[in-house]
**Q** 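I have a structure here, written as structure tokens, and I will follow up with some questions on it.
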Amino acid sequence: MNAAKPNGIPKDENALLQTALFKHVFPKEAGELLPLLKHETFYKGDYIFREGAADQRMYLLEEGRVKLIRESNDKRVQLLSIHAPGEVLGEIPVFDPAGGPRTASAVAMTNQTQVDWLEHDDLFLWLNKYPRVAVDMLQVLANRMRANNERISDLVFMDVPARLAKTLLNLATRFGEPVEAGLKVPHDLTQEEMAQLVGSSRETVNKALMEFANRGWIAREGRSIIIYQPGMLIRRSRR
């Protein structure tokens with residue numbers, strides 16, 4: 001008999017376990033985890049969790065897109081990141097020994113956004129039984145920290161066009177769709193949200209977008225970008 005392979009459960013029965021966080025889980029381990037999962041469907045604009053909340057659930061995005069935002073006291077909004085299926089959400093309070101509040105809000109960007117979550121106690125009981133899995137989890141979280149550190153460095157050392165070029169390339173890598181003209185990136189962001197993601201004003205980002213378009217690197221099509229010359233964006237993102 002062949003040895004059991006990690007995550008050997010049919011894919012249509014455990015979409016969650018195809019994610020980076022649980023892809024090395026063995027069937028027996030997964031069988032103990034699956035009954036603990038909670039599932040919910042959200043619609044565009046729904047809050048999955050809110051900044052300041054005290055719960056300690058760990059969320060995983062199964063289908064759709066979610067944005068993480070922070071809001072100031074005067075209602076200004078900062079868009080921190082966009083998340084795609086297979087990614088972890090809201091992990092900070094889960095692993096905070098003090099059980100601190102949530103540092104951001106998660107908002108569904110698409111209808112029929114499918115989210116699964118685990119309660120803190122259920123997750124840790126399971127990890128205590130299978131500590132090897134915690135190593136995989138740490139690797140995923142370390143990659144998230146690396147990306148956050150890189151974003152902070154970009155805000156300090158890169159000008160707005162370079163940050164915009166890098167943002168467009170990142171969105172293209174995650175959401176891009178090949179079309180005859182080039183690579184279509186359906187970002188579903190308003191002009192204000194795009195500016196928040198880049199970390200600048202709407203006017204400055206629009207000026208940079210117009211410059212890219214005038215050079216023939218991209219074209220704007222509603223809430224999508226068509227990238228004609230990704231190489232030029234790569235070069236601009238390195239300045």
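Residues take their numbers from the sequence shown, with the count starting at 1.
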**Q** In the hydrophobic cluster built from side-chain contacts under 4.5 Å, what are the other members alongside Met145?
**A** none

**Q** Of all residues at least two apart in sequence or in a different chain, which pass the side chain to side chain contact (heavy atoms under 4.5 Å, CB included) check with Asn111?
**A** Tyr43, Lys44

**Q** Which atom pairs, donor and acceptor, lie under 3.5 Å between side-chain atoms of residues 73-89 and protein residues at least two apart or in another chain?
**A**
from	atom 1	to	atom 2	distance (Å)
Asp74	OD1	Ser72	OG	2.2
Asp74	OD1	Arg76	N	3.4
Asp74	OD1	Arg76	NE	3.1
Asp74	OD2	Arg76	NE	3.1
Ser81	OG	His83	NE2	2.8
His83	ND1	Glu87	OE1	2.8
Glu87	OE1	Arg174	NH2	3.3
Glu87	OE2	Arg174	NH2	3.0

**Q** Counting N and O atoms only, with roles assigned by atom type, does the side chain of Asp46 sit under 3.5 Å from a partner on the main chain of Phe42, one being a donor and the other an acceptor?
**A**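 The answer is no, because no donor-acceptor pair under 3.5 Å joins these two groups.
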
**Q** Lys38 and side chain to side chain contact (heavy atoms under 4.5 Å, CB included): which single residue from Leu118, Asp122, Asp116 fits?
**A** Asp122

**Q** How far apart are the closest heavy atoms of Pro131 and Asn128, and which atoms are they?
**A** CD-O, 3.7 Å

**Q** When Ile, Leu, Val, Met, Phe, Trp and Tyr are grouped by side-chain heavy atoms lying under 4.5 Å apart, directly or through other members, which residues fall in the same group as Ile226?
**A** Tyr228

**Q** For the hydrophobic clusters of this structure (ILVMFWY residues joined by side-chain heavy atoms under 4.5 Å, transitively), does one cluster hold both Leu125 and Val94?
**A**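 Not linked; separate clusters.
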
**Q** Check whether any side-chain N or O of Thr113 sits under 3.5 Å from a backbone N or O of Gly64 as a donor-acceptor pair, and report yes or no.
**A** no

**Q** What distance do Thr41 atom OG1 and Glu62 atom CD have between them, rounded to the nearest 0.5 Å?
**A**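 Answer for the OG1-CD pair, Thr41 versus Glu62, is 9.0 Å.
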
**Q** For Gln229 and Arg215, which heavy atoms make the closest approach, and how far apart are they?
**A**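 Closest approach of Gln229 to Arg215: NE2-O, 4.2 Å.
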
**Q** Starting from the C-alpha separation in whole Å, work towards a yes-or-no answer on side-chain contact (heavy atoms from CB on, under 4.5 Å) for Met109 and Leu189.
**A** CA-CA 9 Å; Met109 298 180 65; Leu189 298 173; 3.6 Å; yes

**Q** From Arg102 CZ over to Leu68 CG, what is the distance, rounded to the nearest 0.5 angstrom?
**A** 10.0 Å

**Q** If we only count heavy atoms from C-beta on, is the Leu209 to Asn206 side-chain gap below 4.5 Å?
**A** yes

**Q** Run the salt bridge (Lys or Arg N to Asp or Glu O under 4.0 Å) test against Glu63 and tell me which residues pass, sequence neighbours left out.
**A** none

**Q** Taking Thr173 for its side chain and Leu169 for its backbone only, find out whether a donor-acceptor pair lies under 3.5 Å.
**A**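 Checking the backbone N and O of Leu169 against the side chain of Thr173, a donor-acceptor pair under 3.5 Å is found.
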
**Q** Is it the case that one hydrophobic cluster holds both Met232 and Val160, taking links as side-chain heavy atoms less than 4.5 Å apart, direct or via other members?
**A**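 Yes; Val160 is reachable from Met232 via cluster members.
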
**Q** The criterion is salt bridge (Lys or Arg N to Asp or Glu O under 4.0 Å); which residues satisfy it with Arg202, sequence neighbours excluded?
**A** none

**Q** Do Lys129 and Phe124 come close enough that some side-chain heavy atom pair is under 4.5 Å?
**A** no

**Q** Quick check: closest heavy atoms across Ala172 and Ile227, and the distance to 0.1 Å?
**A** CB-CD1, 3.8 Å

**Q** Is there side-chain contact between Leu164 and Thr204, with heavy atoms separated by less than 4.5 Å?
**A** no

**Q** Looking at CG of Leu37 and CG of Leu33, how far apart are the two atoms once the value is rounded to the nearest 0.5 Å?
**A**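 These two atoms lie 5.0 Å from each other.
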
**Q** Pairs under 3.5 angstrom only: tabulate donor-acceptor contacts from the side chains of residues 179-186 to other protein residues two or more places apart or in another chain.
**A**
from	atom 1	to	atom 2	distance (Å)
Lys184	NZ	Glu221	OE2	3.3

**Q** How long is the gap from CD on Gln196 to CZ on Arg70, to the nearest 0.5 Å?
**A** 13.5 Å

**Q** Using the side-chain contact (heavy atoms from CB on, under 4.5 Å) rule, take Ile48 and Val107 through it: C-alpha gap first, then chi angles, then the decisive distance, then the call.
**A** CA-CA 6 Å; Ile48 298 166; Val107 183; over 6 Å; no

**Q** Which pair of heavy atoms, one from Val205 and one from Ala195, lies closest together, and at what distance?
**A** CG2-CA, 3.8 Å

**Q** Leu34 and Leu123: same hydrophobic cluster, using ILVMFWY side-chain contacts below 4.5 Å?
**A**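 Yes, because Leu34 and Leu123 connect within a single hydrophobic cluster, where side-chain heavy atoms sit under 4.5 Å apart.
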
**Q** Could I get the full list of salt bridge (Lys or Arg N to Asp or Glu O under 4.0 Å) partners for Glu119, not counting sequence neighbours?
**A**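 By the salt bridge (Lys or Arg N to Asp or Glu O under 4.0 Å) rule, Glu119 matches Arg57.
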
**Q** Please name all residues satisfying side-chain hydrogen bond (donor to acceptor under 3.5 Å, both in side chains) with Lys166, sequence neighbours left out, ordered by chain then number.
**A** Glu150, Asp154

**Q** Might you point out which heavy atoms bring Pro101 and Gly52 nearest each other, and give the distance in Å?
**A** CB-O, 3.6 Å

**Q** Within the distance-only criterion (no hydrogens, no angle test), does the side chain of Arg163 pair as donor or acceptor with the backbone N or O of Met158 below 3.5 angstrom?
**A**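 It does hold such a pair.
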
**Q** Transitively linked via ILVMFWY side-chain contacts under 4.5 Å: Leu141 with Ile92?
**A** no

**Q** Does this structure show an ion pair linking Glu29 with Arg132, if we count only N-O contacts that are shorter than 4.0 Å?
**A** yes

**Q** Would you say Glu51 and Ser105 are linked by a side-chain donor-acceptor pair, where the criterion is simply a distance under 3.5 Å?
**A** no

**Q** Establish whether Met210 and Leu197 are linked, either directly or via other cluster members, by ILVMFWY side-chain heavy-atom contacts under 4.5 Å.
**A** no

**Q** Could you grab the distance from atom CH2 of Trp117 to atom CD of Gln56, nearest 0.5 Å is fine?
**A** 15.5 Å

**Q** Report the residues that fulfil ring pair (Phe, Tyr, Trp, His ring centres under 6.0 Å) with Phe212, sequence neighbours left out, ordered by chain and then residue number.
**A**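 For Phe212 the ring pair (Phe, Tyr, Trp, His ring centres under 6.0 Å) partners, ignoring immediate neighbours, are Trp217.
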
**Q** Does the side-chain contact (heavy atoms from CB on, under 4.5 Å) test come out yes or no for Trp126 and Glu32, once each step is laid out?
**A** CA-CA 8 Å; Trp126 186 73; Glu32 296 180 26; 4.2 Å; yes

**Q** Could you tell me whether the side chain of Thr190 reaches within less than 4.5 Å of the side chain of Met194, counting heavy atoms only?
**A**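 No, their side chains stay 4.5 Å or more apart.
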
**Q** Does Phe49 have any ring pair (Phe, Tyr, Trp, His ring centres under 6.0 Å) partners at least two apart in sequence or in another chain, and if so, which?
**A** Tyr59

**Q** Any salt bridge (Lys or Arg N to Asp or Glu O under 4.0 Å) involving residues 190-200? Give me the pairs, sequence neighbours left out, ordered by first then second residue.
**A**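 Those involving residues 190-200 are Lys67-Glu193.
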
**Q** Rounded to the nearest 0.5 Å, what separates atom CD in Glu71 from atom CZ in Arg50?
**A**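 The CD atom of Glu71 sits 7.5 Å away from the CZ atom of Arg50.
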
**Q** Determine, for Glu203 against Lys207, whether the closest basic-nitrogen to carboxylate-oxygen distance falls under 4.0 angstrom.
**A** no

**Q** Any donor and acceptor pair, going by atom type alone, linking the side chain of Ser153 with main-chain N or O of Asn149 inside 3.5 Å?
**A**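 Side chain of Ser153 to backbone of Asn149, a donor-acceptor pair under 3.5 Å: yes, one is there.
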
